[in-house]
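Order of the sequence lines fixes the chain letters, A, B, ..., with proteins taken first and strands second; residue numbering starts at 1 for each chain.
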Amino acid sequence: MRTAVVLLALVAAAAIPGSLLPQRNVASDPSAVASFYAENPGLAPWLDRFQLFDVYASAWFASIYLLLLVSMVGCVLPRSARLWRSVRSAPPAAPRHLGRMDRYVAWTSDVPSDEVVARAEATVRGLGYRVEVAGTEVRGERGYLREVGNLMFHLSLLVLLVGVGAGRLFGFEGRVALVEGASFTNLRSQYDAFTPSVWTDVDGLEPFSFTLDDFDATFESGSVDAGAPRSFLADLTVTREGSDPETVQVRPNDPLDVNETKAFLTGHGYAPKVTVTDGEGNVAYSGPVMFLPLDQTYTSEGVVKVPDAVPTQLGFEGLFLPTGVIDDLGPRSVFPDDLNPLLVLTAFTGDLQMDDGAAQSVFTLDKGGMKQARGADGEPFKRALAVGETMRLPGGEGTLRFDGVARFANFQIAYDPGKEISLVAGVLLLVGLTASLAIRRRHLWVRVGPTGEVEVAARSVTRRPLPAGEVDRLLTALDAPRHTSSPTPTPEKETL
Amino acid sequence: MNDVAWAELSNSLIYSAIAVYALAFLGYCAFAAGRSTTPAPLPEMSVAAGAAGTAPYPEEAIPSGEPTPAGRTQFLGAAAISLTTLAFGLHAASIASRGIAAGRAPWGNMYEFVLVCSLAAAGAFLATVRRRPIQALGVWVSALVLIALGLAVTVLYTPAGALVPVLNSYWLVIHVAAAMIGGGVFTVGFIATTAFLVRTRLDRRGRRTGMLPSTETLGQVAHAAHMFAFPVWTFAVIAGAIWAENSWGRYWGWDPKETWAFITWVLYAAYLHAQATAGWRGVKASWFAIAGYAAFVFNFFGVNMWITGLHSYAGV
């Protein structure tokens, strides 16, 4: 028990740093560790050496909880054996000095002893006790389920380990962002980010595909909480293997479920639709471009890359403002819905450097080979466009027209074959825990002496007091004289 | 009545509740002062005789009616309990009208969480004080409830309104309700544990300790509160995991909120184990309960205000 207490305290302490330091593979912000590295270049490698950015997958955290589980098994197995023996054996004999029990009552009765014993046996049995009669002694025991619950609770932690392990070994998580009208097929190559487990069958993912037909968002327009999101709704056309396409609505807390592979709606943003013509007057790009939301009002930043433009490639960088305002504070959005969409862009010409094979973010420009377009006054060329407006680059190097606004939705797609096992473990844990805390194991004895003295005694095996009334019912059944009761202090008892 | 009227009624009721809790607090202070100056009618140790569950508590058996100092003290204790019950009623009515105003379960932000959690603490105290002589803890309970409500109406106040879509789930009702009830009862456990530690220390130094219940009573109340709250907290964590699976696609992701709920759970598990370990029972074990409560409080204030995570939408 002492070992368990120390190890539990260690687990609690070891879990703390992971909540304070950024963690890899924790969903809230995938880039948190990278930005921590950038801000603390001296400290971060040292923290990394001690696995402090992967606390919950670290060797030292695993060693603590594995030690805890080993010590638990070492404790639980002998106790299971002891419980098995005590369930199979009869309730224990009364101690010689019953007066030292938690509750003790004695009186002299003129009822024949066999009748007292018979009545006591029936009453104690009626109270739900296991009863054994030995001569003129009635022995009762009740509350075995307490220990069963206790063992169930501890063993459920092992089941939980299996469930967590199954998820960690066979499951996967991935993310994909889709603009309205775009489709996704459940293949590894289609994910924006894909985190498989050790033994994930990456070539055998559940076969399905879906198209984001429409995404709808509403926001609070009243004075209280103005701008707070009120509903998100993604209309999907889903095609499962071997069946016709069907429409499915996906909301937060209401995922698409295809044979346990689930797609969750986790976020959304805007994708302004643009048409870019190049220096030769040809359309070099036309379509939506996703911009990354920066704040609650969906001020979003992004870039438009046009590698097909000739004679020079074109790049645009700037902000999308769903309800745009441009004043002394600069361009910003004052409401998350697209009430007055504005696209504020600067332009670059030159080489986008997309041919060297290195992965590029779709939200940033590599300006190494680019030159910023400038107006006649030498200031950077910059335009704020409303829907339908066009910006023309100085020197006739191209144009960009803001055609309209589409939305995109982020989907988190996950498969965890261990979650049912974990759920079973959770239910066992809760039932076992409640039983072990709520059920009181206790003994009850009635002994009739040769000269008619009747002794009644009760003892709680746990730290909790005896349930009120049980002994009183027995006393009433045995016609004990009133006011013979003499409660004695409860000695400290072993629990758990 | 329209939503705005219900919201205003809720605010008026919570201010009334604060005023009545403050009166109750004064009553408990006078009660405690009276106890500490009145000679104890019986040795405190005899209180433990009630352990078998049938004997009345000698502390309760002080004859009243006559305007003796002891009788006055008893009257003050009873009056403070009545005031607490009245404040509890106002408090509960405030939460109910808030729920009507917002048209949902009234525990969707920090303000509402504090309101319901402190109601659970007051309710747990009122339920316990009917069975155990712990009126003296009323000073601490009413003080903590007053601090919590004071923070709620000043720092945490949010006008009644609808919820962001991710909270729009019946799991909000289940998961958060369990967390609040667990937290409220843990609060009573924390107060009884702290009083237990104080009383143990005073006893050891041989000081007069008429103000506090006996260590036996305090130990039993603390243990009972934790034994009730621990499974409730466990359920809150499991319900949260089920909701997380339904909302984010993974039932456990070591989000800071989840991590601190886990730390709280482990510390209380250590407390229950320590209570069953020879040599740790009593004082040493109590420190685990104190640490568990500290983790619970940090999870609410610290994690919501200083650490960003997936639970950050709860909002101040």
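Interface residue A:Lys262: only side-chain heavy atoms are found under 4.5 Å from chain B. Heavy atoms of B:Ala160 lying under 4.5 Å from chain A belong exclusively to its backbone. At a 4.5 Å heavy-atom cutoff, the contact between A:Leu423 and chain B is made by side-chain atoms alone. B:Leu163 touches chain A through its backbone: at least one of N, CA, C or O sits under 4.5 Å from a heavy atom, while the side chain does not. Using a 4.5 Å cut-off between heavy atoms, B:Phe288 contacts chain A through its side chain alone, with no backbone atom that close. Proximity to chain A (any heavy atom under 4.5 Å) is shown, for B:Ala285, by neither the backbone nor the side chain. Contact annotation for A:Phe411: neither backbone nor side-chain heavy atoms come within less than 4.5 Å of a heavy atom of chain B. Heavy atoms of B:Phe262 lying under 4.5 Å from chain A belong exclusively to its side chain. For B:Trp265, the part lying under 4.5 angstrom from a heavy atom of chain A is the side chain only. Both the backbone and the side chain of B:Ser247 come within contact range of chain A, each with at least one heavy atom under 4.5 Å from a heavy atom of that chain.
Aromatic ring centres of A:Phe61 and B:Trp254 lie closer together than 6.0 Å. Checked against the 6.0 Å centroid criterion, the rings of B:Phe186 and B:Tyr268 qualify as a close aromatic pair. Ring pair B:Phe298/B:Trp260: centre-to-centre distance below 6.0 Å. The distance between the ring centers of A:Phe53 and A:Phe36 falls below 6.0 angstrom.
Between the side chain of B:Arg104 and the backbone N or O of B:Gly161, at least one donor-acceptor pair lies under 3.5 Å. Under the 3.5 Å distance criterion, the side-chain polar atoms of A:Gln412 are left unmatched by any main-chain donor or acceptor of A:Thr266. Of the possible polar contacts, none joining the A:His268 side chain to the A:Ala409 backbone as a donor-acceptor pair under 3.5 Å is found.
Counting heavy-atom pairs under 4.5 Å between each of A:Leu8, A:Val5, A:Asn253, A:Thr434 and chain B puts A:Asn253 at the top. Per-residue heavy-atom pair counts under 4.5 Å with chain B were compared for A:Glu220, A:Arg2, A:Arg251, and the maximum is reached by A:Arg2. Between chain B and the options A:Pro229, A:Pro252, A:Pro255, the largest number of non-hydrogen pairs under 4.5 Å is found for A:Pro229. In terms of non-hydrogen atom pairs under 4.5 Å with chain B, the most contact-rich of A:Ile16, A:Ile413, A:Val164 is A:Ile16. Of all the listed residues (A:Ser422, A:Gly18, A:Ala4, A:Gly426), the one sharing the greatest number of non-hydrogen pairs under 4.5 Å with chain B is A:Ser422.
In summary, the side chains of A:Thr218 and A:Ser231 do present a donor paired with an acceptor at a separation below 3.5 Å, with no hydrogens or angles considered.
If you take NZ on A:Lys419 and OH on B:Tyr251, they are separated by 9.5 Å, rounding to the nearest 0.5 Å.
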Exercise for the section: Please report the C-alpha distance between B:Glu245 and B:Arg250 in whole Å, then the side-chain angles of each, then the deciding distance to 0.1 Å, and finally whether the salt bridge (charged side-chain N to carboxylate O under 4.0 Å, His left out) criterion is met. Expected result: CA-CA 4 Å; B:Glu245 198 283 321; B:Arg250 85 283 177 295; over 6 Å; no
